[in-house]
Amino acid sequence: MAPESFTGDEKPTYFHFYMHDDYGGSNPSSAKVVSGPPAMAGAGPRFFGDIVVLNNALTEGPEATSRAVGRAQGFAARVSRDGTVSELVMTVVFEEEGPHKGSTITVLGLVDLSLPVRELPIVGGTGVFRLVRGHAFTKSHDYNLDTGGAVEMEFHLIHN
């Protein structure tokens with residue numbers, strides 16, 4: 001396959017959706033798979049060294065019953081001693097019918113839950129988002145570290 005390059009016909013795309021991060025119940029979408037060392041444990045539900053995997057629903061609205069967009073799949077490693085900062089590796093997979101179906105967008109960066117709004121780089125994608133670049137803003141909508149909840153997400157993209 002020949003390598004692609006930007007054609008000069010780049011266009012901006014904007015997405016606004018909600019990620020539903022669920023640590024509880026009978027069908028969780030996120031789970032802690034590695035626990036940090038007990039000597040490093042902080043006072044909250046998440047600790048330095050914890051690794052969490054996610055396969056979270058993305059919807060148009062803040063309710064879990066809102067129209068589905070796709071899934072946010074990846075993992076996060078807690079990198080701060082108090083467990084509020086994570087290194088996030090996440091791929092947004094568009095699953096619903098439409099022009100983006102089957103395409104992906106990859107996000108990689110630090111998430112500091114002590115900040116009201118977090119900014120993350122968008123580092124790549126596939127399908128219609130091949131060679132994408134941009135940034136994402138996230139903020140807790142209805143969220144707590146014990147059970148999860150909804151995270152509001154805005155993606156600002158430039159792509160072919």
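In what follows, every heavy atom counts, from backbone to side chain, and hydrogens, waters and symmetry copies are set aside. Residue numbers run from 1 in the order of the sequence given.
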With a 4.5 Å heavy-atom cut-off, do [X] and [Y] have their side chains touching?
{"X": "L54", "Y": "L88", "result": "yes"}
{"X": "I105", "Y": "F15", "result": "yes"}
{"X": "H159", "Y": "K11", "result": "yes"}
{"X": "H16", "Y": "E152", "result": "yes"}
{"X": "P28", "Y": "Y23", "result": "no"}

- [ ] Hey, can you tell me if F94 and H100 have their rings parallel, tilted or perpendicular (30° and 60° cut-offs)?
- [x]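 Because their plane-to-plane angle lies in the 30° to 60° range, the rings of F94 and H100 count as tilted.
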Find the distance between [atom1] ([X]) and [atom2] ([Y]) and round it off to the nearest 0.5 Å.
{"X": "T84", "Y": "L113", "atom1": "OG1", "atom2": "CG", "result": "6.5 Å"}
{"X": "K32", "Y": "D50", "atom1": "NZ", "atom2": "CG", "result": "4.0 Å"}
{"X": "M19", "Y": "H141", "atom1": "CE", "atom2": "NE2", "result": "13.0 Å"}
{"X": "Q73", "Y": "L58", "atom1": "CD", "atom2": "CG", "result": "9.0 Å"}

For [X] versus [Y], what's the shortest heavy-atom pair and its separation?
{"X": "P121", "Y": "G109", "answer": "CD-CA, 4.3 Å"}
{"X": "P62", "Y": "A150", "answer": "O-CB, 3.9 Å"}
{"X": "P116", "Y": "R118", "answer": "O-NH1, 3.8 Å"}

Open item on the list: Does R78 form a side-chain contact (heavy atoms from CB on, under 4.5 Å) with V52? I'd like the steps, not just the answer.
Closed with: CA-CA 8 Å; R78 309 284 182 208; V52 175; 3.7 Å; yes
- [ ] For the pair I122 and F129, evaluate side-chain contact (heavy atoms from CB on, under 4.5 Å) and give the outcome as yes or no after the intermediate values.
- [x] CA-CA 11 Å; I122 292 172; F129 299 115; over 6 Å; no
Remaining members of [X]'s ILVMFWY cluster at a side-chain heavy-atom cut-off under 4.5 Å?
{"X": "V85", "result": "V79, L110"}
{"X": "V53", "result": "V33, V34, I51, F75, V89, L108, V123"}
{"X": "V93", "result": "none"}

Does [X] have any side-chain hydrogen bond (donor to acceptor under 3.5 Å, both in side chains) partners at least two apart in sequence or in another chain, and if so, which?
{"X": "E87", "result": "none"}
{"X": "K101", "result": "E97"}
{"X": "R71", "result": "N55"}

- [ ] With T138 as reference, evaluate M153, M90, E154 under the side chain to side chain contact (heavy atoms under 4.5 Å, CB included) test and give the passing residue.
- [x]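 Answer after filtering M153, M90, E154: M153.
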TODO: Verify the distance criterion only: is there a donor paired with an acceptor across the side chains of S29 and D22 at less than 3.5 Å?
DONE: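 No.
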Task: is_close_aromatic(H135, F137), centroid dist under 6.0 Å - done: yes
Task: Trace of the side-chain contact (heavy atoms from CB on, under 4.5 Å) decision for H156 with Y14 - done: CA-CA 5 Å; H156 300 264; Y14 170 80; 3.4 Å; yes
- [ ] Examine distances only and state if a side-chain atom of T126 and a backbone atom of T104 form a donor-acceptor pair shorter than 3.5 Å.
- [x] yes
Task: In one Ile/Leu/Val/Met/Phe/Trp/Tyr side-chain cluster, 4.5 Å: V92, Y18 - done: no
Open item on the list: Working note: R130 + N160, criterion side-chain contact (heavy atoms from CB on, under 4.5 Å); need CA distance, chi angles, decisive distance, verdict.
Closed with: CA-CA 7 Å; R130 196 173 292 129; N160 279 347; over 6 Å; no
